[in-house]
**Student:** 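Pasting a structure below so you can have a look.
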Amino acid sequence: MGNNNKKIAFSGIQPSGDLTIGNYLGALKNWVAIQDDFESYYCVVDLHALTVRQDPKELRLRTLKNLAIYIASGLDPKKNTLFIQSHVPAHSEATWLLNCFCYIGELSRMTQYKDKSQKIGESVSAGLFTYPVLMAADILLYNTDVVPVGVDQKQHIELARDLAVRFNNLYSPTFTIPEPYIADTGAKIMDLQEPEKKMSKSADNPNAYILILDPPNTIKKKISRAVTDDIGVVRYSEDQPGVSNLISILSTVTHMTPKDIEKKYEGMGYAQLKADVTDALVEELSPVQKTVKELLEDKTYLESIYKNSADKANYVANKTLRKMQRKLGLIPR
Ligand code: AQP
């Protein structure tokens, strides 16, 4: 519980690429939806982005851009603590401590690690392997009750829970055990070119994703190129992954159920569906894009948000870190 008796929510997105509608529909929109019900901490997880090679200038730019996107998507900086992960050193310190309680076997079973390391090959970093421990530290430092995420992050939250239980049992109750919070729709937006894979901001082919900041004509082009099938019926089913993905996107943006969408497009081909998905996305994203542009022109404002928030986040995180250190037998300064 936070000090206002609200439960605590924590989440973050890595600035490892420009944010996609997967990040928007699977994470950001849910953060906005629950902002009045929870005391919330949302950070731009820049340390996570370092698990794969980043251009320093690009990373700085994207970190600020992502903060602007959080605000433009509707997160009120007065209601939410919006900060940059590396501004709170306790995340790194707690990671080391938790690393000493995490088993190599547990980390080897993480599907995201398996997928990404396969793609990267030999030069895969130790950071990519221990990424879930940093994520556990992020979550546990804030006594988090819920972690609003897309489905792909569920396994990492389970590890955070296991580490919290392990630590609590070995010492004494220290951490709140966090729960994942996954919405019914939008929890897994798929790649537009290979709809069996989830949409990722770091995909090599730009036609695979739609960025939150993509202009209308780019959105139109990418949706028109989205892979469908030759069945020709608008149906939400496993054997039509491309069409089902378009239905999911439309459903999450318009709040129509997939069933209603199937009914609406009965007897129509995919062209109308694609045109309507394009319109819905353009309508949803245009105001966000406009606000992002304005915010990026006011760096002083953005700086005031992340600096004030870092003060609050440091205070809360350090309290938990000190507790961990004390219980482990480290001498306080
Ligand atoms: N395709 C998706 N559908 C629904 N939710 C998604 N999320 C990511 N992709 C989808 C959610 O966005 C949040 C932030 O994710 P992240 O950037 O921390 O890491 P990720 O899950 O690895 O996201 P990406 O876009 O795939 O990044 P890269 O390509 O850098 O690995 C999480 O809540 C995630 O569930």
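One-based numbering along the sequence shown. The structure presented is a predicted model; accordingly, all values stated were derived computationally and were not measured. For ligands, and for the atoms within them, numbers begin at 1 and follow the listed sequence.
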**Student:** Please tabulate, for side-chain N and O atoms in residues 281-290, each donor-acceptor pair with protein atoms closer than 3.5 Å (sequence neighbours left out).
**Tutor:**
residue, atom, partner, partner atom, Å
Glu284, OE2, Tyr24, OH, 2.5
Glu284, OE2, Lys29, NZ, 2.9
Ser286, OG, Val282, O, 2.7
Gln289, NE2, Ile212, O, 2.8
Gln289, NE2, Asp214, O, 2.7

**Student:** Aromatic ring centroids of Tyr113 and Phe129 under 6.0 Å?
**Tutor:**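 Ring centres of Phe129 and Tyr113 closer than 6.0 Å.
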**Student:** Can you see whether Asn245 engages Ser248 through a side-chain donor-acceptor pair at a distance of less than 3.5 angstrom?
**Tutor:**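 Asn245 vs Ser248: no donor-acceptor pair found between side chains.
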**Student:** Table please: side-chain donor-acceptor pairs of residues 149-161 below 3.5 Å, with sequence neighbours left out.
**Tutor:**
residue, atom, partner, partner atom, Å
Asp152, OD2, Lys198, NZ, 2.8
Gln153, OE1, His156, ND1, 2.7
Gln155, OE1, Thr111, N, 2.8
Gln155, OE1, Thr111, OG1, 2.8
Gln155, NE2, Arg109, O, 3.0
Arg161, NH1, Pro178, O, 2.8

**Student:** Please work out which of the three classes, parallel, tilted or perpendicular, describes the rings of Trp31 and Tyr70, given edges at 30° and 60°.
**Tutor:**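 Correct class here is perpendicular.
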**Student:** As a test of reading the model: which residues have a non-hydrogen atom less than 4.0 Å away from ligand 1?
**Tutor:**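 Residues near ligand 1: Gly12, Ile13, Gln14, Ser16, Gly22, Asn23, Gly26, Ala27, Gln112, Lys116, Val149, Gly150, Asp152, Gln153, Gly186, Ala187, Lys188, Ile189, Lys198, Met199, Ser200, Lys201, Ser202.
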**Student:** Would you give me the side-chain donor-acceptor pairs under 3.5 Å for residues 169-177, sequence neighbours excluded?
**Tutor:**
residue, atom, partner, partner atom, Å
Asn169, ND2, Val165, O, 3.4
Ser172, OG, Lys327, NZ, 2.7
Thr174, OG1, Ser172, O, 2.6
Thr174, OG1, Lys327, NZ, 3.0

